[in-house]
Amino acid sequence: MNWKIPLFKIYWEEDDIEAVSKVIKSGTFWSSGPEIEKFEKKIADFVGTKFALAFNSGTTALHTLLLAHDIKDKDVIVPSFTFIATANAVLLAGGTPIFAESESETLALDIDDVKKKITDNTKAIIVVHYAGYPAKYVEELRKMADEKNILLIEDAAEALGSSIKEKKVGTFGHSAIFSFCQNKIITTGEGGMIVTNSKAIYEKAKHLRSHGRVEFEEVNYFSSKKDNDYILEGNNFRISSISAALGISQLNKIEKIIEMRRKNAHYLNQELSKIKGVAVLHELKNHYSVFQFYSILLKDEETKKSLQNYLNDKGIMAKVYFNPVHLKTLYKDKFGYKEYDLPKTENLSKRILTLPLYPNLKKEELENMIQEIKNFFNMKNPPSNREVS
């Protein structure tokens, strides 16, 4: 559908085109150029970690990180209110995802339910920073993880630049990942990054990222006539030089991008919070959100679906982020999950709706969206709860 207001638009400038063109025109090393290490160094410096390692997606970054942390045959506590990659990465790394509830303020893991799910076989907890909001209990989860000698891993796919008391998301856990998919804060089209302070995890993940290969320090694989050694069962999860160059260019303007997002999100919060029947998400004290997307909560599923239908009919894209992962066919069939296993999460997913938000969202587009939501709640007979396409 040709949306009047799409859910997201990629923010780019001429320097992004120039960065990519420069690599292409070099005529060589499109997959192993110096842009990759430069991108990694800039991300590590921006976040505040010792190491960063680039990948071709956030999913492969998380998969590799879990392999590096060796979660095989162990349990990993994850939210069900997340993108399915969070749980799938656990399966792919040989572990078992154990779903826990999410709390209602930042929509991240509920620490009380996490405590109930921890057993002697628990190896790690993955906390997701929903939509760029720092997770409410991330500091407490780290403290609890340390006390119980288990890992805390941050799935910060949506939260590059978010912080609590100026401490960046990605530095609260033992390791973390970010995503650079097309709808993220900065984008390389597809891409991801591991950040960590552990040299051992960094080195192991580096081997796993590229076929288990031991690289020569002085020259990369494509420039060497020597025979490399292979020490692990790795894969090809590398990012290209073209993507890394784009990542550098995007990162150079991340503060500008975030400020544009925050301005639009705060305006939506200001206006939508005035509408009876709409609940907006607010930043907690000392929390700084990058608003990777913008979600509201409605009173029930019928209202949510009716508003979604109404907005879609007006050309305004609205989508649910996220439906519960534990109720997807894979997890129902494999582990026997069923409806009402996570009542808080299921209720949350029934009431949440994500609206368009992007850096260069125009004032008239914001006003149009706000007015249409007002119109919906002012109607005596809103649209019926038909199936959303």
Side-chain angles (χ1 to χ4, degrees), residues 44 47-53 58 61-82 85-103 106 108-130 134-157 159 162-165 167-178 193-209 231-233 325-326 335 342 345:
V47 174
T49 56
K50 292 180 181 178
F51 306 102
L53 196 63
L62 183 56
H63 177 194
T64 304
L65 182 57
L66 293 173
L67 287 171
H69 277 295
D70 191 18
I71 64 153
K72 187 176 180 180
D73 299 325
K74 296 294 185 178
D75 294 340
V76 178
I77 297 173
V78 301
S80 179
F81 187 72
T82 183
T86 307
N88 280 358
V90 176
L91 285 181
L92 290 167
T96 301
I98 305 296
F99 293 106
E101 295 276 27
S102 292
E103 44 81 18
T106 65
L109 276 175
D110 183 327
I111 193 168
D112 290 331
D113 198 45
V114 170
K115 290 175 182 177
K116 296 174 185 176
K117 302 294 170 66
I118 292 175
T119 69
D120 291 341
N121 201 47
T122 302
K123 178 68 179 280
I125 301 165
I126 300 179
V127 61
V128 175
H129 300 281
Y130 177 80
K136 179 179 180 180
Y137 293 116
V138 66
E139 293 171 296
E140 292 90 336
L141 285 167
R142 175 57 191 265
K143 182 179 179 182
M144 184 177 70
D146 288 343
E147 289 172 352
K148 295 183 178 295
N149 196 30
I150 57 180
L151 296 166
L152 179 66
I153 293 172
E154 294 175 78
D155 181 340
S162 296
S163 62
I164 301 175
K165 299 174 186 175
K167 178 179 171 67
K168 288 282 200 310
V169 160
T171 62
F172 291 95
H174 295 89
S175 303
I177 66 98
F178 296 100
M193 191 79 70
I194 286 174
V195 293
T196 185
N197 287 322
S198 168
K199 185 176 182 180
I201 293 299
Y202 167 75
E203 294 290 352
K204 188 174 181 181
K206 193 172 185 179
H207 293 318
L208 290 166
R209 177 183 67 171
I231 60 174
L232 294 170
E233 296 173 347
V325 175
H326 73 281
F335 297 105
L342 293 171
T345 296

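Owing to the predicted nature of the structure, the values given are computational and were not obtained by experimental measurement.
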Can you list the residues that meet the side chain to side chain donor-acceptor pair (under 3.5 Å) rule with [X], with sequence neighbours excluded?
X      : result
Ser162 : none
Lys117 : Asp113
Thr171 : Lys167
Ser102 : none

Nearest atoms (heavy-atom pairs only) where [X] meets [Y]:
X      : Y      : answer
Ala87  : Val78  : CB-CG2, 4.4 Å
Thr49  : Gly170 : CG2-O, 4.0 Å
Ile126 : Thr86  : CG2-CG2, 3.8 Å
Thr345 : Ala100 : OG1-O, 4.2 Å
Thr106 : Tyr130 : O-CB, 3.7 Å
Val90  : Pro97  : CG1-N, 3.6 Å

To the nearest 0.5 angstrom, please state how far the [atom1] atom of [X] sits from the [atom2] atom of [Y].
X      : Y      : atom1 : atom2 : value
Glu154 : Lys168 : CD    : NZ    : 13.0 Å
Leu141 : Lys115 : CG    : NZ    : 9.0 Å
Leu109 : His129 : CG    : NE2   : 10.0 Å
His174 : Ile125 : NE2   : CD1   : 10.0 Å
Phe81  : Leu342 : CZ    : CG    : 12.5 Å
Thr82  : Asp155 : OG1   : CG    : 5.5 Å

Test log, rule salt bridge (Lys or Arg N to Asp or Glu O under 4.0 Å), inputs Lys116 and Asp112: CA-CA 7 Å; Lys116 296 174 185 176; Asp112 290 331; over 6 Å; no
Sole residue of Ile111, Val138, Ile153 in side-chain contact (heavy atoms from CB on, under 4.5 Å) with Val127: Val138
Could you pull out all residues at least two apart from [X] that satisfy side-chain contact (heavy atoms from CB on, under 4.5 Å)?
X      : value
Tyr202 : Phe51, Leu53, Thr196, Lys206
Thr96  : Asp75, Ile98, Phe335
Ala52  : Glu40, Ile43, Ala44, Met193, Val195
Ala61  : Phe55, Ile177, Ile194

Exceeds 12 heavy-atom contacts within 6.0 angstrom, atom CD of Glu147: yes
Donor-acceptor contact present, side-chain Glu103 to main-chain Ala108, <3.5 Å: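 Answer holds: yes.
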Check: Asp110 main-chain N/O paired with Glu101 side-chain donor or acceptor under 3.5 Å: no
May I have the list of side-chain donor-acceptor pairs in residues 63-74 shorter than 3.5 Å, sequence neighbours left out?
| from | atom 1 | to | atom 2 | distance (Å) |
| --- | --- | --- | --- | --- |
| His63 | NE2 | Leu92 | O | 3.4 |
| Thr64 | OG1 | Thr60 | O | 2.7 |
| His69 | NE2 | Ser175 | OG | 2.9 |

